[in-house]
Amino acid sequence: MSMHISTLVLAALAMAPLSALAQSSLTIYGIADTGVRYTRGLTTSNAASPSSSTAVSSGVNTTSRVGFRGREDLGGGMYAVFNLETGLNLDTGTPINSSKFFDRATIVGLGGGWGQVTAGRQTNLLADAITPVDPAGMRFASFNPNIATAALSSHGLGLEYGSAGTTTGSYRLDNSLKYTGRFSGLTARAMYSFGETAQGGSARSSTGAGLAYGTPTWTVSGAYQRFKTADQWELEAATLGASYKWDSLRFALNTARSDAQTSATNGRTVQRVHSVGVTWSPHSTLDLTAALYRVERERSGRVPDGYNRALLFAEYKLSRRSKLYGELDRTSWSGGFQGRQNKDTATGITAGLMHSF
């Protein structure tokens, strides 16, 4: 009898870790994307240039990254989550952001049937709203106007709006709380980012809300968010888009606008991004995407300027995790947006490989 009881105890102890594993999970994931890119009228970092260049580039299709995410079942429909993610320059082996290692996400949160609340560094609501309706499928993040300008990844204003930790963009915010609720086809989002500045109050804070509704065939998604500088200058931005699937085709369009105070004398910069595109999947291994973007900029006391940008992608899936891709882009500047010393048009072409794990 004693031996039988001992056997049961040992079996229970052996099963305990398995039970814990069944209720929680840890995933290590990432994307390795690199290609050879030739440009005319652009630098290796895709800024306007009077010359041409050839380089090995990282993240032309999808930003290279590595991350850790986990989830634990707390019982009663409740769960805890966390996510740590950093962007990588695969061509040099360096972090994309030298000042923040986990620059893409550092969050922890709780969720249940009522939704999910996360805290930490996370994407703004403009980025969340654009993701399902971007005509290029959020490809080429550093060059995609919906990511760079509409979602404020590279707003070009030289000021820190919201607790972004940088003056170049506000795509992700530190010290933020985000609520996401999914109820059938409806997704509701709300976000507040604490400025945490010496000035106190609402300086460098951000507030926003977003709604999306989707079915297996179509999606409508939009958001509004307000950002403040340490001096209480405001940037207001909004986006609205839709996508529709029909047979092997996916159509998408989006429009966005931002209005920012950029000086103490109420100087302003208004930027608009309009986009439309289609993805055709003639075979399970092949995707062809064409997207067109129009960027318009108005600045106090200056001539309006902007540019048109076309992106073409062809992707061939070697497996579930690996794909070859080709990319072609053309940019036509207007109003001197690119700088007088640079050409009026720019072209780029890329051949690359992407692997996800």
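Keep in mind that what you see is a predicted model, and the values were worked out from it rather than measured.
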Would Arg104 pass as a cation-pi partner of Tyr29, given that its NZ or CZ must be under 6.0 Å from the six-membered ring centre and within 45 degrees of the axis?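 No.
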
Does Arg121 make a cation-pi contact with Phe102, if we ask for NZ or CZ under 6.0 Å from the ring centre and within 45° of the axis? no

When you compare the side chain of [Y] with that of [X], does any pair of heavy atoms fall below 4.5 Å?
X: Thr350; Y: Ser57; answer: no
X: Gln116; Y: Tyr79; answer: yes
X: Ser154; Y: Thr168; answer: no
X: Leu90; Y: Asp33; answer: no
X: Gln199; Y: Arg204; answer: no

For [X] and [Y], test the side chains for any donor-to-acceptor distance below 3.5 angstrom and give the result as yes or no.
X: Asp91; Y: Thr34; answer: no
X: Thr331; Y: Arg309; answer: yes
X: Ser332; Y: Asn308; answer: no

Of the non-hydrogen atoms in [X] and [Y], which two are nearest, and what is the gap between them?
X: Thr279; Y: Pro135; result: OG1-O, 4.3 Å
X: Phe227; Y: Gly162; result: CB-N, 3.9 Å
X: Ala55; Y: Thr44; result: CB-CG2, 3.7 Å
X: Ser221; Y: Val133; result: CB-CG1, 4.2 Å

From the options Thr289, Ile349, Leu328, Leu292, select the one residue that forms a side-chain contact (heavy atoms from CB on, under 4.5 Å) with Leu312. Leu328

Check each of Ile147, Thr131, Thr239 against Leu126 using the side-chain contact (heavy atoms from CB on, under 4.5 Å) test, and report the only one that passes.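 Per the side-chain contact (heavy atoms from CB on, under 4.5 Å) rule, the option paired with Leu126 is Thr239, out of Ile147, Thr131, Thr239.
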
Any donor-acceptor N/O pair, [X] side chain to [Y] backbone, under 3.5 Å:
X: Asp329; Y: Gly348; value: yes
X: Glu234; Y: Gln261; value: no
X: Asp231; Y: Trp233; value: no
X: Ser206; Y: Arg226; value: yes
X: Ser163; Y: Asp174; value: yes

Taking Glu85 first and then Arg172, would you say they form a salt bridge - that is, a charged N and a carboxylate O separated by under 4.0 Å? no

Salt bridge between Asp287 and Lys323, side-chain N to carboxylate O under 4.0 Å?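 No, this pair does not count.
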
Worked check of side-chain hydrogen bond (donor to acceptor under 3.5 Å, both in side chains) between Tyr293 and Asn254: CA-CA 9 Å; Tyr293 298 85; Asn254 195 80; over 6 Å; no

Show your working on salt bridge (charged side-chain N to carboxylate O under 4.0 Å, His left out) between Glu298 and Arg268 and close with a plain yes or no. CA-CA 8 Å; Glu298 299 174 7; Arg268 310 199 71 81; over 6 Å; no

Of the options Ser202, Ser205, Ser193, which is the one that meets Lys228 in a side-chain hydrogen bond (donor to acceptor under 3.5 Å, both in side chains)? Ser202

